[in-house]
2 protein chains.
Amino acid sequence: MNNLFEHVLNPLSDIGTNDFFNIDEGEDAWSDAHANFLSSLSESETKDLLKCSHRLDLKSRDYLFRAGDHSNDVYIVAGGCIRLFQVSPTGKETILWFSFPGEIFGIAELSRGNERQLYAVANEATQVFSIRSKDFTQFLGTHPEAAMKAIGILSARVRALGHILVGLTSDNVETRIARLLMRFAAVSSGTRCCAGSTEGELCVRVRLTHQDIANLIGASRQTVSTTLAHLRKIDAVRTVDQHIHIVQPDHMRRLLGLSAA
Amino acid sequence: MNNLFEHVLNPLSDIGTNDFFNIDEGEDAWSDAHANFLSSLSESETKDLLKCSHRLDLKSRDYLFRAGDHSNDVYIVAGGCIRLFQVSPTGKETILWFSFPGEIFGIAELSRGNERQLYAVANEATQVFSIRSKDFTQFLGTHPEAAMKAIGILSARVRALGHILVGLTSDNVETRIARLLMRFAAVSSGTRCCAGSTEGELCVRVRLTHQDIANLIGASRQTVSTTLAHLRKIDAVRTVDQHIHIVQPDHMRRLLGLSAA
DNA sequence: ACAACATTGTCGCCTAGGTGACAATCTTCG
DNA sequence: CGAAGATTGTCACCTAGGCGACAATGTTGT
């Protein structure tokens with residue numbers, strides 16, 4: 001599956017020789033929320049799309065766009081990770097999702113000639129392909145298959161946001177965190193964790209601060225710290241290097257199965 | 001309000017001459033969350049789409065589908081109103097959105113051959129066109145313009161859900177209710193309220209029980225009752241017949257402008 | 001018209017989680 | 001290296017809003 005991308009990566013360095021492109025389909029609706037747009041395209045589609053793109057390199061914390069901007073380009077992550085979030089007037093940040101390599105973002109604002117609705121910032125050093133909205137629209141118009149893929153991506157996002165909404169109104173913080181971790185573990189599965197991971201453990205490969213988690217699940221930073229400490233105490237998770245390991249995925253899954261389908 | 005649709009309900013005459021289809025673009029992202037799919041299509045597209053549809057009549061409270069169902073047809077509301085919601089394992093119902101005449105729903109589950117993720121129930125006597133997913137997919141494939149419209153609809157839904165999410169994590173119940181009412185008022189604008197409405201008032205034309213509101217904003221029924229009573233006391237809203245009127249829209253808007261862009 | 005059911009209004013009590021305030025570590029980068 | 005800045009851990013305190021329990025009032029089907 002990866003070699004399919006060699007031609008993508010090449011003209012533009014070796015981004016994406018990386019296994020990140022492999023996202024195995026989990027059983028729930030989350031997994032395909034991170035459906036990989038780029039990899040779903042055929043070779044010729046990919047070529048057509050990327051030939052009108054240009055690449056951007058972002059340092060950690062660089063903003064790609066902000067709410068209110070008038071740009072409405074569409075982006076595809078080549079490597080790294082982009083954080084998409086909104087800020088409420090009170091300054092509270094709500095992270096809507098992260099975009100990982102191969103994923104596309106900014107489409108939802110394509111149809112709204114208007115203003116950007118959210119902020120996109122590089123969560124780490126990140127490379128993206130940027131495509132002018134006009135070019136992208138034209139690409140979709142001339143590649144019906146790709147348009148259908150786009151519809152699929154957006155649909156997945158709708159479903160994912162729906163699930164988040166339900167979780168937010170009916171789960172407590174601990175459950176929300178647990179679910180979030182499982183989700184990210186699924187996204188980043190496919191690569192064994194480099195650090196010493198006991199067999200059977202799941203690795204949440206993304207660097208998430210407690211604040212990030214708080215912003216993702218709609219809780220306060222302090223509560224996240226406390227809850228995470230508790231999850232550690234009951235051996236549900238452990239911290240390796242900078243990231244979290246889920247010690248007994250099955251146990252966790254069962255736990256979540258009970259508190260939310 | 002319904003006679004406007006008479007021609008839809010007749011086979012399929014000149015849909016779209018009607019005013020209801022015209023939803024005036026508000027300044028926020030909500031308004032186009034209820035973008036009207038049917039009216040955005042050209043006459044020939046409409047004809048092509050509807051010729052492979054068949055019509056269903058639903059009584060109030062009839063289920064169109066349930067989570068877990070294997071059907072994945074796509075529907076377009078002809079008249080009435082469909083409530084789309086999920087149920088958490090604890091039995092808590094979360095309403096994701098209502099679909100009004102001309103709106104399409106079920107697309108988000110098109111790409112997921114799998115199972116329905118949510119429940120769709122008639123909120124009142126309702127007529128819908130149902131289209132088999134295969135037919136709809138084919139329709140999109142052969143009508144690029146329509147596919148773009150679909151992308152637009154889904155994008156709007158993504159934006160809308162994003163906003164709801166932000167509101168949920170940063171606004172209190174009163175603000176959430178206020179925003180909700182403004183949103184529904186916008187959706188149902190365009191027709192003057194039949195009942196005695198003082199000039200300048202906005203009418204929320206949908207029949208919403210307190211429980212509905214609670215399920216929409218993620219609060220308890222009791223809190224909604226209390227909060228609504230408070231809004232009534234401060235003359236922000238009043239209850240006419242079965243529905244709510246927003247007394248001073250501008251005042252309300254300003255209020256919301258402060259607590260959330 | 002009436003029984004069965006759905007909706008609303010309002011209590012009082014109770015807890016999950018927000019907030020502020022520090023101190024203790026980590027990271028970064030000049 | 002070392003200072004400025006991020007990130008974490010943990011207090012104590014406080015409140016928005018959930019929950020159960022009724023009574024009153026509306027709505028519906030037959």
Side-chain angles (χ1 to χ4, degrees), chain A residues 59-62 83 88 90-95 121-125 166-178 180 204 206-234 237-244 259, chain B residues 59-62 83 88 90-95 121-125 166-178 180 204 206-234 237-244 259:
Chain A
K59 292 190 299 295
S60 185
R61 282 155 213 264
D62 277 357
R83 181 167 87 244
S88 81
T90 62
K92 187 168 219 149
E93 172 177 324
T94 303
I95 300 180
V121 68
N123 212 39
E124 51 188 89
V166 173
L168 208 46
T169 56
S170 47
D171 297 331
N172 62 15
V173 170
E174 182 161 328
T175 308
R176 302 213 296 277
I177 291 186
L180 181 81
V204 180
V206 201
R207 223 263 135 162
L208 290 174
T209 68
H210 292 184
Q211 188 65 62
D212 284 338
I213 298 179
N215 296 343
L216 275 161
I217 65 165
S220 71
R221 201 236 69 223
Q222 291 94 320
T223 306
V224 172
S225 289
T226 316
T227 309
L228 230 32
H230 177 242
L231 285 176
R232 230 178 285 123
K233 191 157 55 203
I234 64 172
V237 305
R238 71 196 182 90
T239 306
V240 181
D241 284 345
Q242 311 269 336
H243 63 279
I244 294 173
S259 75
Chain B
K59 291 191 300 295
S60 185
R61 282 153 212 263
D62 278 356
R83 180 166 87 244
S88 82
T90 63
K92 187 169 219 149
E93 173 177 324
T94 304
I95 300 180
V121 70
N123 213 39
E124 52 187 87
V166 172
L168 209 46
T169 57
S170 47
D171 296 331
N172 62 15
V173 170
E174 181 161 327
T175 309
R176 301 213 295 278
I177 290 185
L180 181 81
V204 180
V206 201
R207 222 263 136 160
L208 290 173
T209 68
H210 292 184
Q211 188 65 62
D212 285 339
I213 298 179
N215 296 343
L216 276 161
I217 65 165
S220 72
R221 202 270 309 156
Q222 292 93 319
T223 307
V224 171
S225 290
T226 315
T227 309
L228 230 31
H230 177 242
L231 285 175
R232 230 178 286 123
K233 190 156 55 201
I234 64 171
V237 305
R238 70 195 183 94
T239 307
V240 180
D241 285 343
Q242 312 267 336
H243 62 278
I244 293 171
S259 75

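Lettering of chains follows the sequences in order, A, B, ..., and the numbering in each one begins at 1. Values in this document were obtained by computation on a predicted structure and should not be read as measured data.
- As rounded to whole Å, 8 Å separates atom P of D:dT10 from atom CZ of A:Arg232.
- Not a single side-chain contact (heavy atoms from CB on, under 4.5 Å) links B:Thr226 to another residue, sequence neighbours left out.
- Atoms OG1 and NE2, on A:Thr223 and A:His230 in that order, are 14.0 Å from each other to the nearest 0.5 Å.
- Going from atom CG of B:Asn215 over to atom P of C:dT7 covers 11 Å, rounded to whole Å.
- For the residue pair B:Ser60 and B:Asn123, the shortest heavy atom distance occurs at OG-O, 3.7 Å.
- B:Arg232 and B:Arg238 get closest at one heavy-atom pair: CG-CA, 4.2 Å.
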Under 3.5 Å, which protein N or O atoms sit close to an N or O of nucleotides 28-30 of chain C? Give each pair with its distance.
none

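- An angle of 70°, rounded to 10°, separates the two end axes of the helix from C:dA1-D:dT30 to C:dG30-D:dC1, each defined over five pairs.
- Applying the side chain to side chain donor-acceptor pair (under 3.5 Å) test to A:Asp62 and every residue at least two apart in sequence or in another chain returns nothing.
- Atoms CG (A:Leu208) and P (D:dT7) sit 12 Å apart, rounded to a whole Å.
- Closest approach of A:Val224 to A:Ala219, counting heavy atoms only: CG2-CB, 4.4 Å.
- Closest to the A:Thr209 side chain, of the nucleotides D:dT10, D:dT8, D:dA6, is D:dT8.
- Here the closest heavy-atom approach between residue A:Ile95 and residue A:Asp212 is recorded as CD1-O, 3.6 Å.
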Using the 3.5 Å cut-off, write out each protein N or O paired with an N or O of nucleotides 28-30 of chain D and the distance between them.
none

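- Partners of B:Arg207 according to the side chain to side chain donor-acceptor pair (under 3.5 Å) rule, which considers only residues two or more places apart in sequence or in another chain, are B:Gln242.
- Legend: residues meeting side chain to side chain donor-acceptor pair (under 3.5 Å) with A:Gln222, ordered by chain and number and at least two apart, are absent.
- In this structure, the CD1 atom of A:Ile213 is 10 Å from the P atom of D:dG9, given to the nearest Å.
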Extract from the structure each pairing of a protein N or O with an N or O of nucleotides 24-27 of chain D at less than 3.5 Å, listing the distance.
unit_1: D:dT27; atom_1: OP1; unit_2: B:Gln242; atom_2: NE2; d: 2.7

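- A pairwise comparison of heavy atoms in A:Glu174 and A:Thr227 identifies CA-CG2, 3.6 Å as the closest pair.
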### Query
B:Ile244 and B:Leu208: side-chain contact (heavy atoms from CB on, under 4.5 Å), yes or no, with the steps?
CA-CA 9 Å; B:Ile244 293 171; B:Leu208 290 173; over 6 Å; no
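- Not a single salt bridge (charged side-chain N to carboxylate O under 4.0 Å, His left out) links A:Arg176 to another residue, sequence neighbours left out.
- Applying the side chain to side chain donor-acceptor pair (under 3.5 Å) rule to A:Glu124 yields no partners; only residues at least two apart in sequence or on another chain are considered.
- Side-chain contact check for A:Ile234 versus A:Leu231: some heavy-atom pair is nearer than 4.5 Å.
- Atom P of nucleotide C:dA6 and atom CD of B:Glu93 are separated by 14 Å, given to the nearest angstrom.
- Under the 3.5 Å distance criterion, with hydrogens and angles disregarded, no donor-acceptor pair is assigned to the side chains of A:Thr90 and B:Ser170.
- The interatomic distance linking A:Asn123 (CG) with D:dA6 (P) rounds to 15 Å, in whole Å.
- Between B:Leu228 atom CG and D:dG17 atom P the separation is 14 Å, expressed in whole Å.
- Listed by chain and residue number, A:Arg83 satisfy the salt bridge (charged side-chain N to carboxylate O under 4.0 Å, His left out) test with A:Glu93 (two or more places apart in sequence, or in another chain).
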### Task
Would you give a per-nucleotide map of nucleotides 13-21 of chain C, 5' to 3', where B means the base has a protein non-hydrogen atom under 4.0 Å away, S means only the sugar-phosphate does, and - means neither?
----SSBBB
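- For B:His210 and C:dT10, the NE2 to P distance is 11 Å, given to the nearest whole Å.
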